[in-house]
Amino acid sequence: MDRIRIRGGNRLTGTIPISGAKNAALPLMIVSLLTPGTLTLSNVPRLADVRQLQRILQNHGVDIMVAGKRPGQNGMQGDVKQLSAKVIADTTAPYELVSKMRASFWVLGPLLARCGEAKVSLPGGCAIGTRPVDMHLLAMEKLGAEIAIENGYVIANAKKGLKGAHIAFDKVSVGATHAALMASVLADGDTIIENAASEPEIGDVAECLVKMGARIEGIHTSTLKVRGVTSLTGAEHSVIPDRIETGTYAMCVAMAGGDVLLKDANSGHLSAVIDIMRGAGIGVESTNEGIRIHRNGHALEPVKIDTEPYPGFPTDCQAQLMALMTKADGTSMIRETIFENRFMHVQELARLGADIHLHGDTAEVRGVKKLTGAPVMATDLRASVSLVIAGLVAEGETTINRVYHLDRGFETLEEKLSACGADVTRISGS
Ligand code: UD1
């Protein structure tokens with residue numbers, strides 16, 4: 001199993017290219033199930049989660065081609081993938097595949113919409129909380145599907161096709177919004193999705209669906225209005241930049257000090273994070289090329305935040321902000337409102353010398369003068385990168401074990417950071 005070794009203390013200067021968003025690429029790939037045409041996606045990040053979803057889609061009969069590099073394209077630009085689901089060969093998504101990645105459960109909506117049936121394994125537990133799928137199932141039932149749960153599988157049927165419906169979610173869920181949207185575009189009649197998640201990745205999927213012939217109003221808002229169509233065509237679409245990767249590298253620079261351009265980052269998708277970082281005394285400027293982050297010797301001011309659905313502070317940046325605040329000049333309060341049990345990084349940060357106390361859903365982070373390197377364990381995707389951030393300033397050597405969590409969501413992390421002067425190395429093997 002690979003490990004990452006960091007020797008702390010180096011400032012970061014230069015440019016970090018931001019990859020396509022994992023959380024947009026995954027549902028966009030799933031959208032290919034909705035059409036017999038070819039969906040060409042560009043700027044697809046090279047990540048373990050993308051490769052895993054590819055296996056799942058291939059199991060349903062999706063033919064996937066990855067175009068070679070084009071002239072002028074460098075290794076940091078994402079893949080171009082052509083996905084073509086001429087026929088759906090199998091409407092079952094088996095446990096062995098779905099259990100490896102929760103988002104693969106999202107094939108339920110498109111399979112049901114296109115084939116009138118689907119059998120999808122329940123995704124099971126997850127390191128960051130119980131993460132149920134009741135809202136996904138409610139949406140499918142509203143659209144006219146019959147749902148049964150047998151032997152760990154959701155068995156969904158809509159032999160006469162899905163029917164437009166009024167779906168009012170009682171809380172905001174990214175996955176359930178994707179499910180409702182992907183299923184309703186091929187339903188008979190109009191659908192209204194109220195209290196929809198308005199994360200930029202949902203807007204990206206909706207825009208791609210419109211290119212494929214779907215009729216959707218209210219894109220980027222919390223009320224989506226869908227007029228069902230009988231079929232969709234292929235299309236070409238480029239994945240938006242990853243706002244969570246952007247926020248993560250912004251915090252790396254803020255922690256280590258220095259001056260870095262996050263190339264191709266979209267500041268409009270990251271307002272809540274940028275506001276908090278500026279409040280903490282970090283230089284953040286939006287430029288034509290991306291976002292410039294700089295900190296040169298200023299103290300870090302403590303912060304007080306609650307994670308919230310978009311446009312609030314994203315839960316996927318909570319662990320990274322906490323790592324940064326371990327070195328603030330004072331006490332920060334960080335409240336997690338989206339997922340219970342998303343504080344597993346706290347124990348690992350403590351191994352590096354952080355002073356963090358948990359009070360229910362709130363972490364009290366008392367800034368310390370110094371962190372010191374130690375072996376630590378990656379526990380989930382975002383938690384693991386928080387250890388990288390801490391390692392950038394920890395005195396001595398920090399070794400992060402179980403980095404397969406990082407590889408799920410960060411493309412060539414060690415290359416991107418070392419190109420800016422960090423001492424970060426991947427150690428392959430046992
Ligand atoms: C997505 C993101 C993940 C991010 C999360 C919140 C992807 C691939 N993953 O995950 O990175 O952290 O949004 O921004 O895009 N819930 C229910 N019932 C349901 C569904 C969700 O109660 O049927 C709850 C969850 O337990 C959680 C909250 O709703 O408390 C939000 O979860 P949700 O937005 O659905 O997260 P995901 O779509 O799984």
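Both counts, for ligands and for their atoms, begin at 1 and track the order of listing. Just so it is clear, the structure is predicted and the values come from calculations on it, not from any experiment. Index from 1, following the sequence.
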Lys/Arg N to Asp/Glu carboxylate O, [X] vs [Y], below 4.0 Å:
X	Y	answer
Glu285	Arg292	yes
Arg46	Asp79	yes
Asp407	Arg426	yes
Arg243	Glu201	yes
Glu194	Lys225	no

Could you list the donor-acceptor pairs under 3.5 angstrom formed between side-chain atoms of residues 155-164 and any protein atom two or more places apart in sequence or on another chain?
residue : atom : partner : partner atom : Å
Asn157  : OD1  : Lys159  : NZ           : 3.4
Lys159  : NZ   : Glu117  : OE1          : 2.9

Under 4.0 Å from a heavy atom of [X]: which atoms of ligand 1 are those, numbered in the order shown and with their elements?
X	result
Thr315	6 (C), 12 (O), 14 (O)
Gly175	35 (O), 38 (O)
Ile338	27 (C), 30 (O), 31 (C)
Arg342	12 (O)
Val133	19 (C), 23 (O)

Backbone or side-chain N or O of [X] under 3.5 Å from ligand 1 N or O:
X	answer
Glu199	no
Phe339	no
Asp134	yes
Asn23	yes
Val174	yes

4.0 Å heavy-atom contact, Pro132 with ligand 1
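Contact present.
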Check whether any heavy atom of Trp106 sits under 4.0 Å from an atom of ligand 1.
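Right, Trp106 reaches ligand 1.
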Would you mind telling me if ligand 1 is within reach of the side chain of [X], the backbone, both or neither, using heavy atoms under 4.0 Å?
X	answer
Lys171	side chain
Ser173	both
Arg102	side chain

Return the set of residues passing salt bridge (charged side-chain N to carboxylate O under 4.0 Å, His left out) with Glu308 (not counting sequence neighbours), or none when no residue passes.
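For Glu308 there are no salt bridge (charged side-chain N to carboxylate O under 4.0 Å, His left out) partners, ignoring immediate neighbours.
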So, taking the atom named CG in Leu53 and the one named CE in Met29, what distance separates them when rounded to the nearest 0.5 Å?
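One gets 4.5 Å once the value is rounded to the nearest 0.5 Å.
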Pair Thr315-Arg342, side-chain donor/acceptor within less than 3.5 Å
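On atom types as modelled, these side chains qualify, holding a pair under 3.5 Å.
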Which word best sums up how the rings of Tyr249 and Phe410 line up, parallel for under 30°, tilted for 30 to 60°, or perpendicular for over 60°?
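Aromatic pair Tyr249/Phe410 classed perpendicular.
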